[in-house]
Amino acid sequence: MFGGFNREIGIDLGTANTLVYVKGKGIVLREPSVVAINNDTKEIQAVGEAAKQMIGRTPGSIVARRPMKDGVIADFETTATMLRYFINKTVKTRGILPRKPFIMVCVPSGITEVEKRAVIDAAKAAGAKEAGTIEEPLAAAIGANLPVWEPTGSMIVDIGGGTTEVAVISLGGIVSSRSVRVAGDEMDEAIAHYIKKMYNLMIGERTSERLKIEIGSAIPPEKEEFMEIKGRDLVTGLPKTIKVSSTEIAEALSETVNNIINAVKMTLEKTPPELAADIMDRGIVLAGGGALLRNLDRLLSQETGMPVLIADNPLDCVAIGTGQSLQHRELLQNQSKRIKRTK
Ligand SMILES: Nc1ncnc2c1ncn2[C@@H]1O[C@H](COP(=O)(O)OP(=O)(O)OP(=O)(O)O)[C@@H](O)[C@H]1O
């Protein structure tokens with residue numbers, strides 16, 4: 001019924017970024033999941049990239065916030081407004097959104113039925129003929145081209161902004177999974193904390209993220225790299241510039257990285273032996289922006305004794321998988337009926 005060319009849209013409603021995928025066109029919108037609100041009037045000042053630029057730079061009355069912080073919908077009203085804004089922006093600026101599309105929205109696993117309903121309502125309010133939701137690990141696995149519909153075990157580790165979702169999937173369903181609130185945001189916080197402790201320097205969220213992306217690594221890299229950063233000296237209260245090394249950032253990240261590795265190990269321990277053997281053959285697949293942290297694949301492989309691969313487009317996997325899942329709506333519906341029956 002919804003098979004018409006590009007009437008299907010997938011939206012990855014992520015903690016850090018929201019992506020819109022249109023069948024036949026690919027990813028057409030990619031913006032930070034940030035909303036700036038005027039606290040006095042409660043009016044929305046900016047959404048997406050414009051709002052992200054405001055983080056840490058707003059006057060008292062305006063707050064730039066991430067309505068999905070920690071991988072859950074912390075502020076539903078704002079999330080719904082943000083979703084509507086992104087759908088409308090896709091229609092207006094690109095003019096490619098089909099009329100009355102079917103919209104599939106990827107949501108963090110473990111959100112409540114009420115929250116799912118509210119996401120569906122927000123998508124409908126933004127013009128969807130019909131809307132559905134898919135859980136993030138399943139979408140990531142589809143986007144990473146794992147054989148999720150077959151009777152074989154696949155393991156996906158999706159390291160996003162707020163959460164790391166580890167799941168073993170077989171026959172279109174999640175067999176065992178673990179979701180921990182330790183991912184990219186926590187890495188940024190760990191870096192800021194380390195710089196404060198070692199240098200008495202306060203740095204902003206965006207500076208820590210740059211350190212992580214530019215010189216961060218899960219194990220100290222063979223070739224040392226350095227980066228200059230600016231912050232506020234906590235002793236003098238004045239701006240100051242310092243030079244930080246990649247070894248220092250690896251040290252700052254070690255605890256967070258270990259927590260992610262432990263989540264993978266715990267999920268492997270709960271995985272039935274036949275499926276574990278399949279994963280051993282195929283390897284653990286990393287997705288999400290956190291998969292790009294240098295040497296994380298190497299360290300995870302050393303720690304688990306399993307092959308570890310990074311998905312082709314780790315940042316886009318979930319959005320692509322969400323869009324592609326529409327082709328398998330019937331399988332998804334059957335699967336969720338099966339899961340409800342066995343609960
Ligand atoms: N090269 C990189 N190295 C390390 N981390 C990176 C890199 N590029 C992006 N990231 C991090 O990836 C995270 C965003 O990933 P992604 O877009 O997959 O998250 P999300 O889907 O929005 O979040 P969630 O899955 O929690 O809902 C951010 O924390 C970002 O800093």
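Order of appearance sets the numbers: ligands from 1, and atoms from 1 within every ligand. All values below were derived from every heavy atom in this structure, side-chain atoms included, with hydrogens, water molecules and symmetry-related copies excluded.
Residue-to-ligand polar distances keep Asp158 apart from ligand 1: every N/O pair is separated by 3.5 Å or more. Checked by distance only, ligand 1 and Gly289 come closer than 3.5 Å through their nitrogen or oxygen atoms. Checked by distance only, ligand 1 and Ile159 stay at 3.5 Å or farther apart across all their nitrogen or oxygen atoms.
By the criterion of a heavy-atom distance under 4.0 Å, neither the backbone nor the side chain of Thr18 is placed next to ligand 1. Counting heavy atoms closer than 4.0 Å to ligand 1, residue Glu165 contributes nothing at all.
For the 3.5 Å distance criterion, the side chains of Ser176 and Thr267 fail to qualify, holding no donor opposite an acceptor. The closest side-chain donor-acceptor pair between Glu224 and Thr247 falls under 3.5 angstrom.
Using a distance-only test at 3.5 Å, with no hydrogens or angles considered, a donor-acceptor pair links the side chain of Glu31 to the main chain of Glu49. Using a distance-only test at 3.5 Å, with no hydrogens or angles considered, a donor-acceptor pair links the side chain of Lys42 to the main chain of Asn39.
Taking each of Ala291, Ala287, Gly160 in turn, the one with a heavy atom nearest to atom 13 (C) of ligand 1 proves to be Gly160. For atom 23 (O) of ligand 1, the nearest non-hydrogen atom from the set Gly14, Ser33, Gly161 belongs to Gly161. Here the shortest heavy-atom distance to atom 28 (C) of ligand 1, taken over Arg30, Lys212, Met187, belongs to Lys212.
The side chain to side chain contact (heavy atoms under 4.5 Å, CB included) with Ile134 is formed by just one residue from the set Val107, Ile142, Asp12; it is Ile142.
In this structure, Gly153 and Arg282 approach most closely via the heavy-atom pair O-NH1, 2.8 Å.
Here OG1 of Thr81 is found 4.5 Å from CD1 of Ile44. Values are rounded to the nearest 0.5 Å.
Within the structure, ligand 1 lacks Val318 among the residues with a heavy atom less than 4.0 angstrom away. Using a 4.0 Å cutoff on heavy atoms, Ala183 does not count as a contact of ligand 1. Ligand 1 is never approached by Arg294 to a heavy-atom distance shorter than 4.0 Å.
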